[in-house]
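In the text below, chain A, chain B and the rest are named by the order of the sequence lines, each starting its count at 1.
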Amino acid sequence: MHDLPEGRTAGRIVETEAYVPGDASGHAYRGQTARNRSLFLERGHAYVYFTYGMWHCLNVTSETPGVGAGVLLRAIEPVEGIALMERRRSTTRPYDLGRGPGRLVQALGVGRADDGVDLCGAGNLWLAHGARSAAEIGESVRIGITRETAAVLRFYERGSPFVSGPRHLRA
DNA sequence: AAGAAGATTCGCT
DNA sequence: GCGAATCTTCTTA
């Protein structure tokens with residue numbers, strides 16, 4: 001969830017990808033830099049990075065300090081503040097609001113200002129416990145990477161229209 | 001010091 | 001389907 005003066009936005013996470021230690025496709029693979037330093041924080045912190053000159057992506061760190069690993073949030077199902085998300089994303093189609101890592105971040109209004117914050121603490125941006133999905137959790141290879149493509153490290157809610165990727169990766 | 005590729009998305013053809 | 005937008009880091013000269 002994300003609280004801002006303009007309102008609260010919240011979504012249910014329906015798709016993630018893991019980037020584990022020693023993963024050649026991970027940003028932490030070549031060591032710590034100014035850009036990825038927050039990826040090396042204690043688990044539960046936000047790592048926000050800018051990619052392709054256009055979009056931000058949001059990760060949650062998943063290891064002890066200094067390791068450098070995390071989980072990329074790839075898609076959310078909008079739950080609260082939908083009107084605000086529609087304004088930020090310039091679309092009213094529900095499945096276009098949070099389907100994709102760049103879209104999700106824009107819908108929630110997350111930016112580089114949120115890089116490194118504690119998602120389990122008392123900030124504007126945090127992870128909340130919600131109702132557990134009744135749907136099955138699917139597994140697949142990760143999307144959009146060119147190294148370590150065989151690793152099955154993507155997890156998603158089966159059959160959800162809010163999950164990104166081609167149809168056979170949503171079933 | 002300069003060029004290329006990357007955990008992406010959008011608009012036009 | 002292809003190219004644009006344009007940041008960070010790695011590779012090569």
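- Within a 6.0 Å sphere centred on CZ of Phe155(A), heavy atoms belonging to other residues, nucleotides or ligands number more than 12.
- Residues Phe162(A) and Arg12(A) are not in side-chain contact: their nearest non-hydrogen atoms beyond the backbone lie 4.5 Å or more apart.
- With centroids closer than 5.5 Å and planes inclined by less than 30 degrees as the test, Tyr19(A) and the base of dA7(B) pass as a stacked pair.
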Sort me out a list of protein N/O and nucleotides 8-10 of chain C N/O pairs below 3.5 Å, or just none if empty.
from: dT8(C); atom 1: OP1; to: Arg112(A); atom 2: NH1; distance (Å): 3.2
from: dT9(C); atom 1: OP1; to: Thr33(A); atom 2: OG1; distance (Å): 2.6
from: dT9(C); atom 1: OP1; to: Arg35(A); atom 2: N; distance (Å): 3.0

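- No contact: Arg154(A) has no heavy atom under 4.0 Å from any strand.
- Taking the charged nitrogens against the carboxylate oxygens, Glu6(A) and Arg87(A) have no contact shorter than 4.0 Å, which rules out a salt bridge.
- The aromatic ring of Tyr52(A) sits over the base of dT8(B), with ring centres less than 5.5 Å apart and planes tilted by under 30°.
- For the pair Tyr156(A) OH and dA7(B) C1', the computed distance is 18 Å after rounding to whole Å.
- For dG3(C) and dA4(B), the P atoms lie 15 Å apart once the distance is rounded to whole Å.
- Atom-to-atom distance recorded for Arg147(A):CZ and Arg142(A):CZ is 11.0 Å, nearest 0.5 angstrom.
- Rounded to the nearest Å, the gap between the C1' atom of dT8(C) and that of dC10(B) is 22 Å.
- The shortest distance between side-chain heavy atoms of Thr9(A) and Arg88(A) falls below 4.5 Å.
- Using a 4.0 Å heavy-atom criterion, one finds that Arg142(A) contacts no nucleic acid atom at all.
- Atom P of nucleotide dT8(B) and atom CG of Leu73(A) are separated by 14 Å, given to the nearest angstrom.
- To the nearest angstrom, P of dG3(C) lies 17 Å from CE of Met54(A).
- Within the structure, a side-chain polar atom (N or O) of Arg89(A) is placed less than 4.0 Å from OP1 or OP2 of dC10(B).
- Pair assignment for dT6(C): none, as no Watson-Crick or G-U wobble contacts are both less than 3.5 Å.
- Taking atom OH of Tyr47(A) as the reference point, atom P of dA7(B) lies 10 Å away to the nearest angstrom.
- A donor-acceptor pair under 3.5 Å is absent between the side-chain atoms of Ser62(A) and the main chain of Arg43(A), judged by distance alone.
- The same atom, C1', is picked in dA7(B) and in dG1(C); the two are 22 Å apart, to the nearest Å.
- Base contact: Leu72(A) has a heavy atom under 4.0 Å from a base atom.
- More than 12 heavy-atom neighbours from other residues, nucleotides or ligands sit within 6.0 angstrom of CZ on Phe50(A).
- In this structure, Arg103(A) reaches the dC10(B) phosphate: one of its side-chain N or O atoms is under 4.0 Å from OP1 or OP2.
- The interatomic distance linking Leu104(A) (CG) with dC10(B) (P) rounds to 13 Å, in whole Å.
- Taking atom CG of residue Asp23(A) and atom C1' of nucleotide dG6(B), one finds them 14 Å apart after rounding to whole Å.
- When each of Gln106(A) and Thr146(A) is assigned the nucleotide of DNA chain B with its nearest heavy atom, Thr146(A) is the one assigned upstream, toward the 5' end.
- For Ile143(A) and dG6(B), the CD1 to P distance is 16 Å, given to the nearest whole Å.
- Look at CG on Leu153(A): it is 12 Å from C1' on dA7(B), rounded to the nearest Å.
- Residues Val110(A) and His56(A) have side chains not in contact (no heavy-atom distance under 4.5 Å, counting atoms from C-beta outward).
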